Each structure stands twice: as C-alpha cells, then as structure tokens.
Amino acid sequence: MKIASWNVNSLNVRLPHLLQWLADAQPDVVALQETKLEDAKFPADALAAAGYRSVYSGQKTYNGVAILARDELRDVVTDIPGLDDPQRRILAATVGDVRVVDLYVVNGKAVGDEKYAYKLHWLERVHAFLEGELARHPKLVVLGDFNIAPDDRDVHDPVAWGEDILCSPPERAALKAITDLGLADSFRLFESAGEHYSWWDYRQAAFRRNMGLRIDLILISEALKAAAAAAAIDRTPRGWERPSDHTPVTLDLDL
DNA sequence: ATGGTAGAAAGTCTA
C-alpha cells in the first residue's frame, strides 16, 4: 500500500495536477488538505474516473480535507469530541484494516496570536482523539499538513525561524505528545539528514533556493513500522506550472 | 518589523 499526503491549496485549481500525479505515482491512498471546496463541488466523478473513491469534508474558501482510495473507505469521522469546530480540518476513514486520519493542522499565524492559542487547543483535542483511535485501530496512519517542523533539521534556516510560528517549542511539544502515543514520523525511519522539505513559500523564489520546511508528515503506529518499506518527498509537482506551495509526501507499506 | 506571492472572491483574510 502506497499512502500519500498533499496540501493542494485549492483542489479547484490543482485538480489537473492531482490527476497527473495520481497517474504518475500510483498511490493507493491519498490524504488531501486545503481543498477549499464545498462538498457539493467536490470533483468525485473525475477522481472516480481515475480509479479513486473519495470521502471529503469541505467548506467554501478555506480549509477542507479529503481522502482518496482505490478501495472502499469505511467508518468516516469528520468531527471529534470536545471540538465544536466549523473549520473542516479532520477526516478519518478505514481502508482495509488500516485506519487513516487526515489532519490539516491550524497554522496559528504567529506565536501569541489568538489563532496560536486555537492551534494548541486544537492539537490537545486531536491528541485525545488519536489516543482513542490507536486503542481501537492498531494499524493507524495519521498524516497531513501539520504546520509544525518537528526539529531544526526540518527548517532551511533554523536561526532565522528561531522560535517563530511552525517552530515554537509549545508547538513542537504538542507534536511530540502525539508521536509519544506511539506514532513514528515515517520519513525519519529512512532519512536522518536535513534539507528535505515539503513546503516552500511562494515568495522569494523559495523553491528554487530550497528555502523550505518539512511540515507534511506521515505518522505510523508501532504495528505498521515493520511494514514500512520506503518514505519519500516527491518534489516534482512543486516544479510544475502554477503549483501548490506544498508537494506530496509518500510512504510505501508492505501490506 | 515589513513585505514579498498565491487563492478565493470582490474587501480583505489566510497562509
């Protein structure tokens, strides 16, 4: 099973990119973020024609998550206890015997901003939800745009970023609390070096200069670690015309 | 500290 995560930053704009990438990369499961589409406008037919079923939780203009899979998607969850949130950022579904949780983590804007407090609160509730998911589903994948660089290797210029948003110690502690549940950052099972990023700002020719962050993650439970065969960041779509600012990240599981 | 670019949508807001 090849599983992927991609923040497409408007599925309306990026549908051609997604279809091309599905054809090239042949993933079995794909978690999308920032679809920015109401459910009524989700391109389910175009994706079905490409061989993918889909479930989605979207809204107009902002946020929006979706999971695509070649096989049936069961037991869909869009809302979690203790988080009465109109922002569509969470989507869970089961494929085969693998539970998949797609997250579009709150950006937070700036340390100290009210959005930052919302981010930390949101992560706390998601942590509690994942604890339950892990108890129910030993084979758990939690993936998406985490909007947190796990450590300084994941930041092109750790001095400049310092303890700013996406890098601040409380955010990193919240992520560590999640991985400490028994969810490994799959990319780091295969690659320990820095300079591997999944997002580059549209400004300052950041992609060309590889001024990026690794904030798109695929976390896997202990029961899946032995099946992990390869992890990668596919930079190709970031180089296409009118790209998303994020590029797909992938994990191959021998299942 | 600010602004640079992109998307949605028609003002700004979000990232």
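Every chain is numbered from 1 and lettered A, B, ... according to where its sequence line falls, protein lines coming before strand lines. On a predicted model such as this, the values are computed, not experimentally measured, just so you know.
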Rounded to the Å, how far apart are [X] [atom1] and [N] [atom2]?
X        : N      : atom1 : atom2 : value
A:Asn9   : B:dA9  : CG    : P     : 13 Å
A:Ile215 : B:dA15 : CD1   : C1'   : 10 Å
A:Phe207 : B:dA15 : CZ    : P     : 23 Å
A:Asp164 : B:dA1  : CG    : C1'   : 12 Å
A:Asn63  : B:dG7  : CG    : C1'   : 13 Å
A:Arg209 : B:dT5  : CZ    : P     : 13 Å
A:Asn7   : B:dG7  : CG    : C1'   : 12 Å
A:His246 : B:dG7  : NE2   : C1'   : 12 Å

Of all the nucleotides listed ([options]), which has the minimum atom distance to the side chain of [X]?
X        : options               : answer
A:Thr61  : B:dT14, B:dA9, B:dA15 : B:dA9
A:Tyr62  : B:dA8, B:dT5, B:dC13  : B:dC13
A:Lys115 : B:dG7, B:dA8, B:dT14  : B:dT14
A:Lys36  : B:dA15, B:dA9, B:dA8  : B:dA8

*Report which part of the nucleic acid A:Lys109 touches: base, sugar-phosphate, or nothing (heavy-atom distance under 4.0 Å, all strands).*
nothing
*Scan A:Arg89 against the nucleic acid and name what it touches under 4.0 Å (heavy atoms): base, sugar-phosphate only, or nothing.*
sugar-phosphate
Cationic N near anionic O, under 4.0 Å, [X] to [Y]:
X        : Y        : answer
A:Arg53  : A:Glu72  : no
A:Asp28  : A:Lys2   : no
A:Asp152 : A:Arg172 : yes

Separation of the [atom1] atoms in [N] and [M], to the nearest angstrom:
N      : M      : atom1 : answer
B:dA15 : B:dA9  : P     : 15 Å
B:dA10 : B:dT14 : C1'   : 16 Å
B:dT12 : B:dA1  : P     : 25 Å

*Does CD belonging to A:Glu195 count more than 12 external heavy atoms closer than 6.0 Å?*
no
*Please tell me which of A:Asn147 and A:Arg14 maps to the more 5' nucleotide of DNA chain B, matching each residue to the nucleotide holding its nearest heavy atom.*
A:Arg14
*Take A:Tyr202 and A:Gly108, find for each the nucleotide of DNA chain B with the closest heavy atom, and name the residue whose nucleotide sits nearer the 5' end.*
A:Tyr202
_Would you say that A:Leu83 contacts A:Ile90 through its side chain, given a criterion of any heavy-atom pair below 4.5 Å between the two side chains?_
yes
*May I ask you to verify if any side-chain N or O of A:Arg203 is less than 4.0 angstrom from the OP1 or OP2 atom of B:dA15?*
no
